Amino acid sequence: MTAAVTAAVIDGKAVAAELLREVQARAAVCTARGATPGLAVVLVGDDPASQVYVRSKERRAAEVGVQTRDHRLPASTDTQTLLALVADLNADPGIDGILVQLPLPRQVDSTAVLRAIDPAKDVDGFHPDNLGLLMLGTPRFVACTPQGCMRLLAAAKVELAGKHALVVGRSTIVGKPMAQLLMHADATVTISHSRTVDLAAEVARAEVLVAAIGRPEHIQGSWIRPGAVVIDVGMNRLEGGRLVGDVAYAAAAERASAITPVPGGVGPMTIACLLSNVVDAAERRAGSR
Ligand code: NDP
């Protein structure tokens, strides 16, 4: 009988902490040049999860020297009001990045609001200009979660060129930009989604697997190709409060060569990459980029 292989754990907290140290040093240089990085945070309504996300983004920002400006609006806010706020923030020279926390209430035209953000301040990387630049291989702002996944792969020294990579999920904020980044890193990329006929077979071929589905432990450990690298983007809250990913972690860790835990994997990277994007924008303002 062969002993179970136990994967190396890719420590997102440690990689994020290292990135935040770099971001802090770069923010200090911007401030010394009179361009303190400024992030506007727009939160509409009182969705508890959004409030938690916004609070942790603002706390981390303060720790690294990024100034945040809070815009909290009632759940009844309409599209026009938000468009007017975005126009003001676009014109404000002290604001380098604009973050509109999603989801917006149903009556708001989210697409119109996100497209109204000046692409040079679109630190989430959701504007069509930024998605287009990414597709062309000349990115400006790369969406934070897929950027974080790439940084984790780099930190784990995963060689991507020529590898079979599978991205499960095709959302605009995770799956699609993730696939672009892997392709630009010379991986051979497959994208799976809810209409994929045999997901287990796709997973079994993948040397690098990125799961961004939003279904607790949907990807079974027995599907994982032995030696594969597994990046689990999923964040699924079970009844009782436990947070699990999209991959059945314990069983997958017996087959993978490296794997991200949930929590403590991709999650901490997302905020660190957001703040890195804000400082990129401030560096352009300070003339040092
Ligand atoms: P979306 O709901 O926008 O997209 C989910 C994707 O998964 C869709 O493309 C969908 O396919 C696909 N999918 C759904 N069911 C299946 C299935 N049975 N088999 C294969 N594919 C399936 O989610 P997001 O991309 O926004 O988020 C995905 C996960 O990542 C969530 O758990 C979310 O909480 C987490 N997340 C974590 C972040 C972090 O910082 N760690 C940041 C952002 C998200 P189809 O297109 O056909 O519907």
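From a predicted model like this one, the values you see are computed outputs, not experimental measurements. Both ligands and their constituent atoms are indexed starting at 1 by order of listing.
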Would you check if there is a donor-acceptor pair between the side chains of Q51 and R55 at a distance under 3.5 Å?
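Not at all, the side chains of R55 and Q51 share no donor-acceptor pair under 3.5 Å.
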Give the atoms of ligand 1, by number and element, whose distance to some non-hydrogen atom of [X] is under 4.0 Å.
X: R215; answer: 14 (C), 15 (N), 16 (C), 18 (N)
X: I173; answer: 26 (O)
X: N236; answer: 32 (O)
X: G169; answer: 6 (C), 7 (O), 9 (O)

Look at K163 together with E207 and state whether they make a salt bridge at an N to O cut-off of under 4.0 Å.
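No.
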In the protein, what heavy atom is nearest to [atom], and what distance, to one decimal place, separates them?
atom: atom 46 (O) of ligand 1; value: R170 NE, 2.7 Å
atom: atom 18 (N) of ligand 1; value: H218 NE2, 3.3 Å
atom: atom 29 (C) of ligand 1; value: G214 N, 3.6 Å
atom: atom 40 (O) of ligand 1; value: T270 OG1, 2.7 Å
atom: atom 25 (O) of ligand 1; value: S171 OG, 2.6 Å

Open item on the list: In this structure, would V233 and I219 fall into the same cluster of hydrophobic residues linked by side-chain contacts under 4.5 Å?
Closed with: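 They do not share one cluster, since no chain of ILVMFWY contacts under 4.5 Å joins V233 to I219.
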Would you please determine whether [X] falls within less than 4.0 Å of ligand 1 on a heavy-atom basis?
X: S192; value: no
X: I213; value: yes
X: G267; value: yes

CZ/R60: more than 12 non-hydrogen atoms of other groups inside 6.0 Å
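It does not: R60 CZ has 12 such atoms or fewer within range.
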Evaluate [X] for polar contact with ligand 1, using N/O atom pairs at a separation under 3.5 Å.
X: V174; answer: no
X: S194; answer: yes
X: D246; answer: no

* **Gap between atom CD of Q67 and atom CD1 of I95 - 0.5 Å precision** =>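 That separation rounds to 8.5 Å.
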(request) Any salt bridge (charged side-chain N to carboxylate O under 4.0 Å, His left out) involving residues 86-111? Give me the pairs, sequence neighbours left out, ordered by first then second residue. (result)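 Residue pairs with at least one partner in residues 86-111: R69-D92, D96-R285.
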Determine which pairs satisfy side chain to side chain donor-acceptor pair (under 3.5 Å) with at least one residue from residues 227-245, sequence neighbours left out, and list them in order.
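Found N236-D246.
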